[in-house]
Protein chains: 2
Amino acid sequence: MADINLDTAGKPATDRLAAGHDAPDEIVALIELLFFAYRDFVSDPDHILDNYGFGRAHHRVIHFVGRNPGMHVAELLDILRITKQSLSRVLRDLIDKGFVYQREGSRDRRQRLLYLTPEGSELHGRLITPQIARIRSALGDIDTQTSEAFREALFAMIDQDDRHHVLSLIGDAGKPPA
Amino acid sequence: MADINLDTAGKPATDRLAAGHDAPDEIVALIELLFFAYRDFVSDPDHILDNYGFGRAHHRVIHFVGRNPGMHVAELLDILRITKQSLSRVLRDLIDKGFVYQREGSRDRRQRLLYLTPEGSELHGRLITPQIARIRSALGDIDTQTSEAFREALFAMIDQDDRHHVLSLIGDAGKPPA
DNA sequence: AAATTTATGTCAGCCATATTGACATATTTT
DNA sequence: AAAATATGTCAATATGGCTGACATAAATTT
């Protein structure tokens with residue numbers, strides 16, 4: 001934690017001059033807070049995943065399949081914004097190790113519907129627990145309105161044309177902003 | 001955008017049963033919103049970086065050095081939470097291509113103080129512009145209180161023992177929560 | 001019925017980013 | 001003078017992303 005040699009003790013003005021940008025400090029603060037919040041937010045699951053020989057990619061699959069049982073591969077690709085090949089490797093790991101299984105779609109037998117096995121479900125629970133705790137504790141310090149505002153702000157950060165999709169994923173808990 | 005085969009049309013109850021967890025939907029919604037917000041938030045800079053042959057790692061260095069000119073290597077390592085070796089490669093790229101330069105510390109001549117060159121500063125500006133725009137537009141739809149709440153909530157997500165550090169980095173724009 | 005499109009999977013190879021552990025150098029601190 | 005610190009570098013390794021090509025089965029279109 002060594003004390004640092006930031007020659008911009010007072011910050012704002014100095015930085016803006018040095019950088020030569022017209023970046024409003026309150027906004028830049030939000031940019032950095034998002035970075036730090038996300039960094040720490042994923043660190044808890046990361047440690048757990050180590051014990052299984054899995055990585056973040058596996059976590060994402062476990063999470064979305066866990067929350068949307070019967071989801072098919074194309075939908076997962078769309079959510080994760082990765083290629084078929086990238087997903088394929090991760091999915092194979094999860095299936096081989098017995099955390100995810102596939103079933104043929106009944107409506108469309110080309111589709112492979114994805115489900116968590118009991119082991120997968122248990123891991124899902126383990127991974128989400130610290131994240132829930134972190135958010136609870138973060139919002140616990142704050143009032144309900146803040147929590148609502150947090151949801152709205154995060155939602156508004158998402159690409160316009162993907163918001164309806166996200167809404168359909170997160171369900172009623174993410175009510176459309178008034 | 002193919003319409004999806006989520007067999008949990010109504011969501012909440014079904015999912016919780018299927019997954020077997022006691023995950024409150026409002027909190028899970030926040031978890032997912034954070035994922036989607038971050039995914040889209042970094043996508044703008046990512047596209048720009050492609051044109052320079054740089055990646056996210058380079059962006060992070062450009063950003064923090066740009067905001068904290070004269071920062072030294074150890075501090076950067078602490079912020080990014082990566083190893084010396086990982087930083088080393090990225091830093092070498094940036095120095096070789098003329099976006100960052102180093103100066104010997106005057107107080108401690110072992111230190112290498114980091115600065116952006118004019119080119120680095122220009123790239124910094126290019127990278128941060130869409131991020132500022134995204135946040136402005138996200139908060140534009142919303143009121144000032146919401147913006148404040150957003151800042152508070154993000155801050156509270158950060159690891160307890162790192163908050164003072166983050167505070168010192170983001171300056172007054174991230175006022176300590178009342 | 002035949003042709004086309006779609007959903008998925010897989011192969012081979014590549015690149016970016018991260019890791020560890022060992023070691024070297026210069027400088028500061030004890 | 002010895003120890004600790006700040007940085008840099010080497011070699012080896014792992015993960016997770018990418019592209020492009022190709023294969024199969026099933027659904028859809030003509």
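Computed from a predicted model, the values in this text were never measured in an experiment. All heavy atoms count here, side chains included; hydrogens, waters and symmetry mates do not. Residue numbers begin at 1 in each chain, while the letters A, B, ... track the order of the sequences.
Nucleotides of DNA chain D nearest to Gly55(A) and Glu104(A) differ in position, and the one nearer the 5' end is that of Gly55(A).
Put simply, the side chain of Val61(B) reaches to within 4.5 Å of the side chain of Leu80(B), judged on heavy atoms. Using a 4.5 Å cut-off on side-chain heavy atoms (C-beta onward), Met157(B) and Leu34(B) make contact. By the 4.5 Å heavy-atom criterion applied to side chains, His63(B) and His124(B) are counted as neighbours. Residues Phe99(A) and Phe54(A) are in side-chain contact: their nearest non-hydrogen atoms beyond the backbone lie under 4.5 Å apart.
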Please tabulate the protein-to-nucleotide N/O contacts below 3.5 Å involving nucleotides 27-30 of chain D, giving atom names and distances.
residue: dA27(D); atom: OP1; partner: Arg109(A); partner atom: N; Å: 3.2

Between the protein and nucleotides 18-21 of chain C, list the N/O to N/O atom pairs that are separated by less than 3.5 angstrom.
residue: dA18(C); atom: OP1; partner: Arg60(B); partner atom: NH2; Å: 2.4
residue: dT19(C); atom: OP2; partner: Thr83(B); partner atom: N; Å: 2.6
residue: dT19(C); atom: OP2; partner: Thr83(B); partner atom: OG1; Å: 2.7
residue: dT19(C); atom: OP2; partner: Ser86(B); partner atom: OG; Å: 2.8

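A donor-acceptor pair under 3.5 Å is formed between the side chain of Ser43(B) and the backbone N or O of Asp40(B). A donor-acceptor distance shorter than 3.5 angstrom exists from the side chain of Arg163(B) to the backbone of Ile158(B), with no hydrogens or angles considered.
OP1 and OP2 of dA16(C) both lie 4.0 Å or more from every side-chain N or O belonging to His58(B). Phosphate contact (OP1/OP2 of dT7(D), side-chain N/O of Gln102(B), threshold under 4.0 Å): absent. In this structure, Arg92(A) reaches the dT10(C) phosphate: one of its side-chain N or O atoms is under 4.0 Å from OP1 or OP2.
Put simply, CE on Met71(B) is 15 Å from P on dA6(D), counting in whole angstrom units. Distance CG (Asp46(B)) to C1' (dC15(C)): 15 Å, rounded to an integer number of Å. Computed from coordinates, the Arg103(A) CZ to dT8(C) C1' distance equals 18 Å when rounded to whole Å.
Heavy atoms from other residues, nucleotides or ligands lying under 6.0 Å from CD of Gln145(A) number 12 at most. Atom CD of Gln102(B) sits in a crowded spot, with more than 12 heavy atoms from other residues, nucleotides or ligands closer than 6.0 Å.
The side chain of Gln111(A) lies closest to dA7(C) when the candidates are dG9(C), dT7(D), dA7(C).
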